[in-house]
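One structure is given here, and the rest of the page talks about it.
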Amino acid sequence: MEEKKRYTITAALPYANGPLHLGHLAGAYLPADIFVRYLKAKGNDVAFICGSDEHGAAITLRAKKEDCTPQEIVDKNHEIIKKSFADFGIDFDIYHRTSSKLHHETASQIFKDLYDKGSFTQETTNQFFDQEHQQFLADRYVTGTCPKCNSAGAYGDQCEKCGSSLNANELINPISTLSGKTPVLKETTHWFLPMNKHEKWLKTWIETGILDGKQQHDPTKWRKQVIGQCKSWIDNGLQPRSITRDLDWGVKVPVEGGEGKVLYVWFDAPIGYISATKQWAADNSKNWEDYWKDSNTQLIHFIGKDNIVFHGIIFPIILKEHGDFILPTNVPANEFLNLEGDKISTSRNWAVWLHEYLEDFPNKQDELRYVLTSIAPETKDSEFTWKDFQARVNNELVAILGNFLNRSIVLTHKYFEGKVPEQGVLTDYDNQVLQAIISTQNRVDELIESYRFRDAQTEAMTLARLGNKYLADTEPWKLVKTDETRVKTILNVSLQLCLGLSEIFKPFLPKTSSRIKQFLNATNETVLTNQHQLNAAELLFQKIEDEAVEAQIEKLKNPTVKQSNPKAKPMKEEITFDDFTKMDIRVATILAAEKHPDADKLLKLTVDTGIDIRTVVSGIAEHYKPEDVIGKQVSMLVNLAPRKIRGIESKGMILMAENNEGSLAFISPEKAMDNGGEVK
RNA sequence: GGCGAGGUAGCUCAGUUGGUUAGAGCGCCGGAUUCAUAACCCGGAGGUCGAGAGUUCAAAUCUCUCUCUCGCUACCA
């Protein structure tokens, strides 16, 4: 890559309803940062773009729960997230936010442009509105009496008794399942993106990289899972997707009839990349359009695998349909990072939070960067354990890289007062070592350009290994007694290698790289000259002690609040006794059981509730065989509205306890009870 | 059930278009060494590449079947 190019690099916008954890860093931000640092070092013109994604229903719900405004929620989290990035050296050119005025204007304008072009379809319907919750209800949140067969418990979209499909507004005595009250009918209009119209060019573009007859990118450079998942969606047929919502938190819909509606988050969030670029360009006297509308610019989205279809299908449709905009050259999506044998979970607090890591391991951000890159989930899910973290820091950063630096510099101080000794006559071995600096740099460059950051970093560490081997083979501490000239050459070569290492590790370990330069008293030199005075070296890395990792494991398993099961979900919102008494839970006996003919997870049960004998469909087939449950006494919610499940009407619900791993157990009375006995 | 991605040494993972005795790091065993944070360096053991069948002179690599794991999806009220 001799030619300088322009790049727009984005990293997935973090959702501002909580802080960042290890998985975020390993999945998107660290690889993006390494890539950007590499590109910038090569002199390319790069805009590294990110920001907080601050809209969506989840944030309004959290605000309700914490009794504050959505703005307060996102303000708080935006700052925490922004600080974590800064602390870990994720060096965005701008970290913007979607609640900004500029973003609202940008997203609004793009929506309007598309609207004016007729890119959307529009549908106005009467929908039920829950006045207590002040929100529109999806059809399945409304129940009532079927107008055709008069049976109770029909759903907004279908009566499962008589099988006729309905509109929610045909129901007699409609009830909101949210509040239990009667909703009112209100007219609402929504806009849809007819993705189905774009299937053809998308398929060609994904499979061949050809767009409008031109080779736009090389699909062999895309990761398998990205192409696989996009193709899977396209081949299954794309559906029109609603892109507006009846909500009051977000970007207002800027067209007639849009009052009280906002753009759906996944429409507005990726546009955040564009608005952030605009802000950055304005702040730095650049033209943002160079970064989004010039076909020579490479647009690259770093994301986690949960985001593949948005960046591989939906956002490209928006960009292409709008015109002008370029499409991504690549979407290097990572898989997921697991933690100590279990998937990372925010709600169960099974996570290592970045801001807490730095409290426990101050100034050790490069250590974490190193470990996360060496286990980066590039091709499959991978696993972070504290024991492995300790081993990699101690055996690689401390023992290989730190040790080599320290040996070279300490020996130079010891024998030559810290001045770079003359290179003298080079042996074949010396030349091989010097040559290895260049060849390693080249290999690392190639690997980074192929988005293989893990392998690239391994190559870099291999060069440090060579340094240790070189010293072990040449033994300057012995030779110093007999052949000082030779020792000079050896240490000169070692120090050149140190300088080379600081350069090669720069994208991966920016802080360490500059510390090495400081030890070497070097700034922009590519070679250390004779008699160049070095600074005193400190240890680059400290060992991680057993106690420190044990404390982390302990913290994970027994978090601040003493609870016997750290993986237990948090308590739900408080309810009243009246709420509880609405539920009619009874002892019942399973009389018969068979597998549901059309579903994997379902059993069709016949139960004696004491009141009647009825059919219940229950999702326990993966945990119990039919013959094992017959005769069991269980607890059952008997007054739950009936519902047809996979074609069989189910009346009531068997109560089950769930284990951490998701296995189920019945809630049975500890001695035989009469069927129909109340549970209270 | 449908779709996608995986199943390679004790552990974490590489193996690009099928081609000599299947690799790395850690761990383990042995050796060497002392400049260095008991660090480094050298050597060794360890794998019927998830199972079975097929294509081929040749398969971890291609095809089919089965099986297990992860993700999306339908159904889990």
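Just so we're on the same page: letters track the sequence lines, and every chain starts at 1. Note that the structure is predicted; figures quoted are calculated from it, not measured.
Across B/G50 and B/A22, the matching P atoms stand 15 Å from one another, rounded to whole Å.
Side-chain atoms of A/Arg646 stay outside donor-acceptor range of the base of B/C75, with no qualifying N/O pair under 3.5 Å.
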Taking N or O atoms only and anything under 3.5 Å, show me the protein contacts with nucleotides 16-18 of chain B, one pair per line.
none

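Remark: A/Asn395, A/Glu396, A/Val398, A/Ala399 in residues 393-402 of chain A come within less than 4.0 Å of RNA chain B through at least one heavy atom.
Checking B/A53 for Watson-Crick or G-U wobble geometry (two distances, each under 3.5 Å) identifies B/U63 as its partner. A 3.5 Å limit on both hydrogen-bonding distances identifies no Watson-Crick or G-U partner for B/U33.
Distances shorter than 4.0 Å separate some side-chain N or O of A/Arg643 from OP1 or OP2 on B/C76. Put simply, A/Lys224 has a side-chain N or O that comes within less than 4.0 Å of OP1 or OP2 on B/G6. OP1 or OP2 of B/A5 has not a single side-chain nitrogen or oxygen of A/Lys305 nearer than 4.0 Å. For B/C42, the OP1/OP2 oxygens have a side-chain nitrogen or oxygen of A/Lys469 closer than 4.0 Å.
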Base versus backbone protein contacts along nucleotides 7-13 of chain B [heavy-atom cut-off under 4.0 Å; B, S, -]: S----SS
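Between the side chains of A/Asp612 and A/Thr609, a donor-acceptor pair is found at a separation under 3.5 Å.
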